[in-house]
Protein chains: 2
Amino acid sequence: MTDPGSLLRDHGLSVTAQRIAVLRAVAACPHGTADDIAESVKSEIGSISKQAVYNALGTLVEKGVLRRIQPAGSPALFENRIGDNHHHLICRACGKTVDIDCAVGKTPCLHASHHHGFHIEEAEVIYWGTCPECRTQA
Amino acid sequence: MTDPGSLLRDHGLSVTAQRIAVLRAVAACPHGTADDIAESVKSEIGSISKQAVYNALGTLVEKGVLRRIQPAGSPALFENRIGDNHHHLICRACGKTVDIDCAVGKTPCLHASHHHGFHIEEAEVIYWGTCPECRTQA
DNA sequence: GTAAAAATATTGACTTAGTCCATTTTTGAC
DNA sequence: GTCAAAAATGGACTAAGTCAATATTTTTAC
Ligand SMILES: [Mn+2]
Ligand SMILES: [Mn+2]
Ligand SMILES: [Zn+2]
Ligand SMILES: [Zn+2]
């Protein structure tokens, strides 16, 4: 991982213990919720306020350092794998989330057939299914 | 529209004033929120409880009569256009939501490149962009 | 048509995933 | 080191639902 301090400085952000810990936590739990991140940060630096977690995550997403995924029926998930337009496959039963490479590459992989005059910025793809573990249980 | 009474009966559901009104409301406001539906129902039959709205919508989605869309940062939306696997294009600025015909056949992106042993049931696609109105304002 | 059983609706408390805001603390620039 | 700007904290507040007990309506059986 890039040094969190430089990463923050490179994006014009002040370097705080909380932001550094949040960056480390996201690296440690990919596709973690704000709550997962908070727990991980607490175990690393002792304490952090809920608001600081949301602020750090929000700012870092804004700067393009992190990516936020908001699957239906789940709190938002965060990851630091960015810039490759990858997608997600989520288990409907247990919520397990895995990365799926975009079959087409790095450029936006989907083009709406008729765009109604909209300017399209992103095509978000979520695959829903059942993971191997949940499937054997059913 | 199919007669709401028969539609309910055909799916083994009891026919109640609330369910009929909810079906009419969804037909009247496609991509409406539970709240939109509730307002529409109230103007039609006088009153309905919040819970009855959620119950009716939930049951009808379960039976495949309605479809629920849950875009990031928005309450769930409901529609009665089902069975054609169409997608949605949403304006980031104002939330305007329009239908987009399914891209299957046009892109390889709808088939996960590597499915990690999951059984994939659905590929959900949401296009994010800016609608013509919001674009001229910017 | 009526009565009992089953399904549904109502009400109000409760929950989750956040946001808002006033105050305190930390950071970066000089 | 001083000071202004930025960030963190704590606590109240909100939106979008869910839960559970009770009341009402609908269906089924006669
Ligand atoms: Mn990912
Ligand atoms: Mn639609
Ligand atoms: Zn699973
Ligand atoms: Zn718009």
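Naming: A, B, ... by sequence-line order, numbering from 1 per chain.
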Rounded to the Å, how far apart are [X] [atom1] and [N] [atom2]?
X: B:Asp35; N: D:dT18; atom1: CG; atom2: C1'; result: 16 Å
X: A:Asp36; N: C:dT16; atom1: CG; atom2: P; result: 15 Å
X: B:Leu13; N: C:dA6; atom1: CG; atom2: C1'; result: 14 Å
X: A:Asn55; N: C:dG18; atom1: CG; atom2: P; result: 13 Å
X: A:Lys50; N: C:dC20; atom1: NZ; atom2: C1'; result: 11 Å
X: B:Arg9; N: C:dA7; atom1: CZ; atom2: P; result: 17 Å
X: B:Gln18; N: D:dT26; atom1: CD; atom2: P; result: 8 Å
X: A:Arg68; N: C:dT19; atom1: CZ; atom2: C1'; result: 12 Å

key: Nearest-neighbour nucleotide for the B:Tyr54 side chain, C:dT11, D:dA16, D:dA8 considered   =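 Per side-chain heavy atoms of B:Tyr54, the pick is D:dA16.
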Is [X] touching bases, backbone alone, or none of the nucleic acid, heavy atoms closer than 4.0 Å?
X: A:Ala34; answer: nothing
X: A:Ala76; answer: sugar-phosphate
X: A:Ser14; answer: sugar-phosphate

ask   = When you check the side-chain N and O atoms of B:His11 and B:Glu62, is any donor under 3.5 Å from an acceptor?
value = no
ask   = Strictly by modelled atom types, are A:His31 and A:Asp99 linked by a side-chain donor-acceptor pair under 3.5 Å?
value =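 Looking only at side-chain atoms, A:Asp99 and A:His31 do form a donor-acceptor pair, the distance falling under 3.5 Å.
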query = For B:Thr33 and A:Ile48, take the nucleotide of DNA chain D holding the closest heavy atom to each; which residue's nucleotide lies nearer the 5' end?
reply = A:Ile48
ask   = Are A:Asp35 and A:Lys42 ion-paired here, with the side-chain N under 4.0 Å from a carboxylate O?
value = no
inquiry  = Taking A:Glu122 first and then B:Arg92, would you say they form a salt bridge - that is, a charged N and a carboxylate O separated by under 4.0 Å?
reply    =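 Salt bridge flag = yes for B:Arg92 with A:Glu122.
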inquiry  = Quick check: on DNA chain C, is the nucleotide nearest B:Thr16 upstream (toward 5') of the one nearest A:Ala17, or the reverse? Name the residue that is more 5'.
reply    = B:Thr16
query = Would you say C:dT8 has OP1 or OP2 under 4.0 Å from some side-chain N or O of B:Gln51?
reply =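 Answer is no, no contact under 4.0 Å.
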inquiry  = If I compare all heavy atoms of B:Ile100 with all of B:His88, which pair ends up nearest, and what's the gap?
reply    =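 Heavy-atom minimum between the residues: CG1-C, 4.3 Å.
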